[in-house]
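Heads up, the thing below is written out as structure tokens.
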2 protein chains.
Amino acid sequence: MRATIRDVAREAGVSIATVSRVLRDSTAVRPTTRDRVLAAADELEFVPSALGRQLAERRHAANGIVFPDLSGPYYAEVVLGYESVAAELGRSVLILSTRDRPDAESAVQAMAERCDGLVVLGRTVPDAAVERLVVRGAHVVMVARPPVGGADSVNARNRQGARALTEHLLDLDVRRLVFVGDPSTSPDVAERLRGIQEALPADADLQLHHVDSLDEECGAHVVGDYLTRALPDAFVCANDELALGMLGRLSAAGVDLPGRVKVAGWDDVMAARYAGLTTVRQPMRELGATAARLLDELISGSRSHPTHELLPTQLVVRSTTLGKVAP
Amino acid sequence: MRATIRDVAREAGVSIATVSRVLRDSTAVRPTTRDRVLAAADELEFVPSALGRQLAERRHAANGIVFPDLSGPYYAEVVLGYESVAAELGRSVLILSTRDRPDAESAVQAMAERCDGLVVLGRTVPDAAVERLVVRGAHVVMVARPPVGGADSVNARNRQGARALTEHLLDLDVRRLVFVGDPSTSPDVAERLRGIQEALPADADLQLHHVDSLDEECGAHVVGDYLTRALPDAFVCANDELALGMLGRLSAAGVDLPGRVKVAGWDDVMAARYAGLTTVRQPMRELGATAARLLDELISGSRSHPTHELLPTQLVVRSTTLGKVAP
DNA sequence: TTGAAAGCGGTACCAC
DNA sequence: GTGGTACCGCTTTCAA
């Protein structure tokens, strides 16, 4: 069995209190005693039990993060930014993916029991569940989702990015556009749609094309629907994957792009560059990093009132939206 | 403060032992007592402390996973496969990225204190450190890396994939090829290089082009070196990102591809499809899932001897390696 | 400067 | 069936 603090105490001929002091170099300990303890600890290869410590300190020194998936680059980047800051702050990171998980809510509850606070990404958990967490005293930061019941939040300026993108399209004489994506899947997507609506003049026409999920396959499928009827001037997709799926199918169908139809995505993932896809970049890693900092403030108690951060977005114009719409 | 088991016991007029029994429905408890306890627990909104339980049971019910990064799709997929299985087995997942972390080894040690076992991906931690973990009784599974000191391992058949790819290139009359990547960065990469060497006939020429990291930027940079000197028949890259970086730069330089030079990558990430990149697919998610299962066997004690799994790879031919080399 | 002892919140053995 | 109680491994008063 592994050595405990009592073994070290016995070996060094001191009390466990003294061993604890030495290991946490808190109170002053006589140097000779200190050395004896360190020698004993070294001799026994003593490593303090994280569990014992956590229970006594009543803190986990760990944060959680809940995300729907890690497939696309988006969530992976957010998680990375989060982990990086959390590690700096001396906290472990627990992850929980809700993909294909029917018991997501109970899983989140269980996770909340194992950490000092957690970040919830997007629409992974119902509002009511988040509120329940907060009421029970959990520290919660929402990312890519409007704040709920006093929780902190971090979001990208979706509306602003959407407006910039829309204005760019308007400059190209786009008048009929289709938004591809389901605003109900994610608050972020809903915001993007709203931004477009805000920037659109009365003489423009915006249709909404619902899709079941935001992946390439769905994008390709969407194109199929339009091959038998009129194409709009432009498709604006809820994310890049969707747009990339459309690109593939459009070019396979021989549609002139960006001449006949323009396509834009969202996120600026790596593949977007290769496809020459116009998109709106959002600071994915920074979203995670900011969430980690806010969470730390909540946990350490240095701030008690909720705060809501907005991070910038940036329009990235590439070849899928070049040239004016043919008259 | 949150209710503890003692509060519930008092409220229900029973001992804590009985409360514990009811909550874990272990030993038989009289139904009326049981109901009283459940009512009290419900009334007090009692949720058992994970820490208390873990300390008493002397298990964390959590697994760790150490990876270098999460930027590319590769590690993200592995982590996802891992998390998915771990969750099914009722274990939480702790993550640790070693990217830009000078104290990686101590961070891994700390993580090992917080979980029942962990998975180490690629060259994130020195062999000696892994051995130390194993010696101290930690359950360790290595992924994309040769086993160390009695740890389990899960790997893709890199050699086999590399041979298949090489034979494909040979069929196209490729004779002079350059392997782009640093075999010392990862055992996986070293295996791929070895596979190529094995499949190459004596009259073929294989050069090794070292790069500092396996990202697109490096790929683009590599191309720069060849614009002033002779191009090989084909570039085989250590991963897709590298290959994609090369593709962009090559086409910018107006090099005929795949006529003048062929390019192949590794992993089959999403962007590879859009770029029409020939590559070798490996079952990323399955690597993680398998690791989680092996780890569970280790932790549950259902297996004590180390085991080593090899997962299949698959050659995916696309447009970057079409047509024979011009004579 | 150091030690004894009371927690932290559970589990589980041993009596009754 | 239940209750008393001894842990699990550490931190932290309170005294000495």
Side-chain angles (χ1 to χ4, degrees), chain A residues 1-41 44-62 90 92 110 112-116 136-137, chain B residues 1-41 44-62 90 92 110 112-116 136-137:
Chain A
M1 219 42 205
R2 286 180 24 178
T4 74
I5 198 173
R6 277 165 245 274
D7 299 326
V8 178
R10 194 180 318 117
E11 175 84 12
V14 298
S15 74
I16 61 170
T18 297
V19 176
S20 179
R21 285 189 195 104
V22 170
L23 264 49
R24 333 209 55 245
D25 52 33
S26 50
T27 333
V29 177
R30 181 182 303 161
T32 58
T33 313
R34 187 186 146 77
D35 291 347
R36 273 219 315 287
V37 170
L38 289 177
L44 298 172
E45 290 185 303
F46 173 69
V47 179
S49 149
L51 239 33
R53 189 167 272 182
Q54 285 161 30
L55 185 57
E57 293 179 337
R58 305 212 289 161
R59 59 174 236 137
H60 295 83
S92 300
E113 286 305 311
R114 313 178 118 257
C115 52
D116 303 315
R136 283 193 62 80
Chain B
M1 220 40 206
R2 285 178 28 176
T4 75
I5 197 173
R6 280 165 239 275
D7 299 325
V8 177
R10 194 179 319 116
E11 175 84 14
V14 298
S15 74
I16 61 169
T18 298
V19 176
S20 180
R21 283 187 198 107
V22 171
L23 265 48
R24 330 208 59 244
D25 51 34
S26 51
T27 334
V29 177
R30 181 181 305 161
T32 58
T33 313
R34 189 186 143 76
D35 290 346
R36 273 221 314 289
V37 170
L38 289 178
L44 298 173
E45 290 185 301
F46 174 69
V47 179
S49 148
L51 278 179
R53 189 168 272 181
Q54 285 161 30
L55 184 57
E57 294 179 337
R58 269 128 56 89
R59 61 174 233 137
H60 300 265
S92 300
E113 286 305 313
R114 314 178 118 256
C115 52
D116 304 315
R136 284 193 62 80

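All of these numbers come straight from a predicted model, not from anything done at the bench. All chains are named by letter (A, B, ...) in the order of the sequence lines, taking the proteins before the strands, and each is independently numbered beginning at 1. Computed from heavy atoms alone, side chains included, the values below leave out hydrogens, waters and symmetry copies.
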With a 6.0 Å cut-off (strictly less than), is the heavy-atom count around CD of B/E45, excluding the residue itself, greater than 12? no
Looking only at heavy atoms, which two atoms of A/A12 and A/V37 are closest? And how far apart? CB-CA, 3.9 Å
Which pair of heavy atoms, one from B/E11 and one from B/A40, lies closest together, and at what distance? CG-CB, 3.5 Å
Atom-pair distance (CG on B/L23; C1' on C/dG9), nearest Å: 12 Å
Given atom CD of B/Q54 and atom C1' of D/dC7, what is their separation to the nearest angstrom? 17 Å
Between CZ of B/R2 and CG of B/D7, what distance do you get to the nearest 0.5 Å? 11.0 Å
Set out, in order, the CA-CA distance, both residues' side-chain angles and the distance that settles side-chain contact (heavy atoms from CB on, under 4.5 Å) for B/R21 and B/R34, then state yes or no. CA-CA 9 Å; B/R21 283 187 198 107; B/R34 189 186 143 76; over 6 Å; no
Residue pair A/D116 / A/A61: nearest heavy atoms and the distance that separates them: OD2-N, 2.7 Å
Measure the distance from CZ on A/R21 to C1' on C/dA4 and round it to the nearest whole Å. 11 Å
Residue-phosphate contact under 4.0 Å: A/T18 side-chain N/O, C/dT2 OP1/OP2: no
Could you check if a side-chain atom of B/D35 sits within less than 4.5 angstrom of a side-chain atom of B/T32, using non-hydrogen atoms only? no
Salt-bridge test for A/R24 and A/E57: reply yes if a basic N is under 4.0 Å from a carboxylate O, no otherwise. yes
Report each atom pair, protein N/O against N/O of nucleotides 8-10 of chain D, whose distance is under 3.5 angstrom.
from, atom 1, to, atom 2, distance (Å)
D/dC8, O3', B/R58, NH1, 3.3
D/dC8, O2, B/A56, N, 3.4
D/dG9, OP1, B/R58, NH1, 3.0
D/dG9, N7, A/R6, NH2, 3.2
D/dG9, N2, A/G52, O, 3.3
D/dC10, OP1, A/S49, N, 2.7
D/dC10, OP2, A/I5, N, 2.5
D/dC10, N4, A/R6, NH2, 3.0

Specify the angle, to 10°, made by the local axes at the two ends of the helix from C/dT1-D/dA16 to C/dC16-D/dG1 when five pairs are taken at each end. 40°
